[in-house]
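First comes the structure, then the notes that go with it.
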Protein chains: 2
Amino acid sequence: MHEATLTIGQLAERSGVAPSALRYYERLGLIHAARTGGNQRRYARTELRRVAFVRISQQVGVSLDEIREALDSLPAGRTPTPDDWAALSRAWRDRLDERIRLLGKLRDDLDGCIGCGCLSLQRCTLYNPDDSLAAEGPGARLVLPRD
Amino acid sequence: MHEATLTIGQLAERSGVAPSALRYYERLGLIHAARTGGNQRRYARTELRRVAFVRISQQVGVSLDEIREALDSLPAGRTPTPDDWAALSRAWRDRLDERIRLLGKLRDDLDGCIGCGCLSLQRCTLYNPDDSLAAEGPGARLVLPRD
DNA sequence: CTCGGACCTGAAGCGAACTTCAACTCAAGG
DNA sequence: CCTTGAGTTGAAGTTCGCTTCAGGTCCGAG
């Protein structure tokens, strides 16, 4: 017990992520594993933290691809320090703030806008939030949760 | 101009939703259209509101299937009143509140938890939120560790 | 009446994030 | 040594929310 490395089943149980998902993450380069002579994965305990970071980032609304980019920015060679992780999470924090802000606006406008008489949807603050519309050309494009 | 019904192109332009998406919504029973003799769709102007409701609901994080259920609860037969819409949106508002609350918690814990020394992920408030979290998108489910 | 752009349908494709399957191999307890 | 459960692979399947495509039809301005 409490050995140096974890099997995929152990990592799965400790992280709450299915083995199939862990293999998938590995294919995407989100996590890494050493191999035994018999080709089985053995995970360093630090991978637990990577998995946690992945899952938390997903809750923030970040795609696995972006998460990979973020993880790639961790120092190669040495085990990341708490400060390394904190730096990573600060970037996410900004996204989170923005997301919370938008949802708050949505909430504030919800009753009024849905209930109101306006059919002029393109002008509606709710339907056409000023921030998420920047690009996308002419007409009212509704750009969604991604940003 | 300003005619009684809208073609799919007009509804698309006014709502900012692609014609293909509108046809898709119709297949799912989210919106409805009358047909001309030549089988082309003609939308009542009230459909604009349904489309708006769909898009707004998506931002709240509700699936199209749940949105359909909600729309089905609108009074059949008569055109929904502002009050009908307001009732509908109040339910969403609760979800929104919950979602904002969870994201706020995520934010509050983010630096501390990711940066901290705990590897005891299953106990981490962040990783293992006590509440069930609405999934962000397809497949992006948070599978909680067994308590 | 003609022309071209808007519209129709069903089927297929897409991308994200996985899961499932089949057919194996590995590893640890008895 | 043998059994059994855990692990391996690549390929294919799944769900969601659409978009794209092919092969046609409609309709309104000229």
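Note on naming: letters A, B, ... go to the chains in the order of the sequence lines (proteins, then strands), and numbering restarts at 1 for each one.
- Side-chain proximity of R23(B) to the nucleotides dC18(D), dT8(D), dT9(C) is greatest for dT9(C).
- Side-chain nitrogen and oxygen atoms of R27(A) include none within less than 4.0 Å of the OP1 or OP2 phosphate oxygen of dT19(C).
- In terms of position along DNA chain D, the nucleotide closest to V54(B) lies nearer the 5' end than the nucleotide closest to the other residue of the pair V54(B) and G37(B).
- Using a 4.0 Å cut-off, some side-chain N or O of R35(B) falls inside it from OP1 or OP2 of dT9(C).
- Comparing dT19(C), dC7(C), dT19(D) by their closest approach to the side chain of S20(B) singles out dT19(D).
- Taking every side-chain heavy atom of L64(A) into account, dA17(C) is the closest of dC8(C), dA27(C), dA17(C).
- Between E66(A) and R95(A), at least one side-chain nitrogen of the basic residue sits less than 4.0 Å from a carboxylate oxygen of the acidic one, meeting the salt-bridge criterion.
- The nucleotide whose nearest atom lies closest to any side-chain atom of Y25(A) is, among dC18(D), dT19(D), dC18(C), dC18(C).
- In terms of phosphate contacts, T7(A) brings a side-chain nitrogen or oxygen within less than 4.0 Å of OP1 or OP2 of dG7(D).
- Here the side chains of T5(A) and R45(A) are not in contact, with every heavy-atom distance at 4.5 Å or above.
- dG5(D) atom C1' lies 15 Å from atom CD1 of I8(A), rounded to whole Å.
- The side chain of A21(B) approaches dT19(D) more closely than any other nucleotide in the set dT9(D), dC8(C), dT19(D).
- Phosphate proximity of dT9(C) to R41(B): present, with a side-chain N or O under 4.0 Å from OP1 or OP2.
- Regarding contacts with the backbone of dC26(C), every side-chain N or O of T36(A) stays at 4.0 angstrom or more from both OP1 and OP2.
- Using a 4.0 Å heavy-atom distance criterion, R42(A) is classed as making no nucleic acid contact.
- Each of dC7(C), dC18(D), dC18(C) was ranked by its minimum atom distance to the side chain of Y24(B); first place goes to dC18(D).
- Look at CG on L11(A): it is 10 Å from P on dG7(D), rounded to the nearest Å.
- Closest heavy-atom contact between R99(A) and V60(A): CD-O, 3.4 Å.
- Rounded to an integer number of Å, the gap from I67(B) CD1 to dC16(D) P is 13 Å.
- The pair R35(A)-E26(A) counts as a salt bridge, with a side-chain nitrogen and a carboxylate oxygen less than 4.0 angstrom apart.
- Rounded to whole Å, atom P of dA17(C) lies 8 Å from atom CG of D65(A).
- As rounded to whole Å, 13 Å separates atom C1' of dC16(D) from atom CD of E66(B).
- A pairwise comparison of heavy atoms in R55(A) and Y25(A) identifies NH1-OH, 2.6 Å as the closest pair.
- Regarding I31(B), its CD1 atom lies at a distance of 11 Å from the P atom of dC18(D), rounded to whole Å.
- What separates CD of Q10(A) from P of dG5(D) is a distance of 17 Å, to the nearest Å.
- Dashed line: the shortest gap from a side-chain N or O of R55(B) to OP1 or OP2 of dC18(D) is under 4.0 Å.
- Each of dT19(D), dC7(C), dA6(D) was ranked by its minimum atom distance to the side chain of Q40(A); first place goes to dA6(D).
- In this structure, CG of L6(B) is placed 15 Å from C1' of dC7(C), rounded to the nearest angstrom.
- Ion pair D72(B)/R68(B) flagged as a salt bridge, since at least one NZ, NE, NH1 or NH2 atom sits closer than 4.0 Å to an Asp/Glu carboxylate oxygen.
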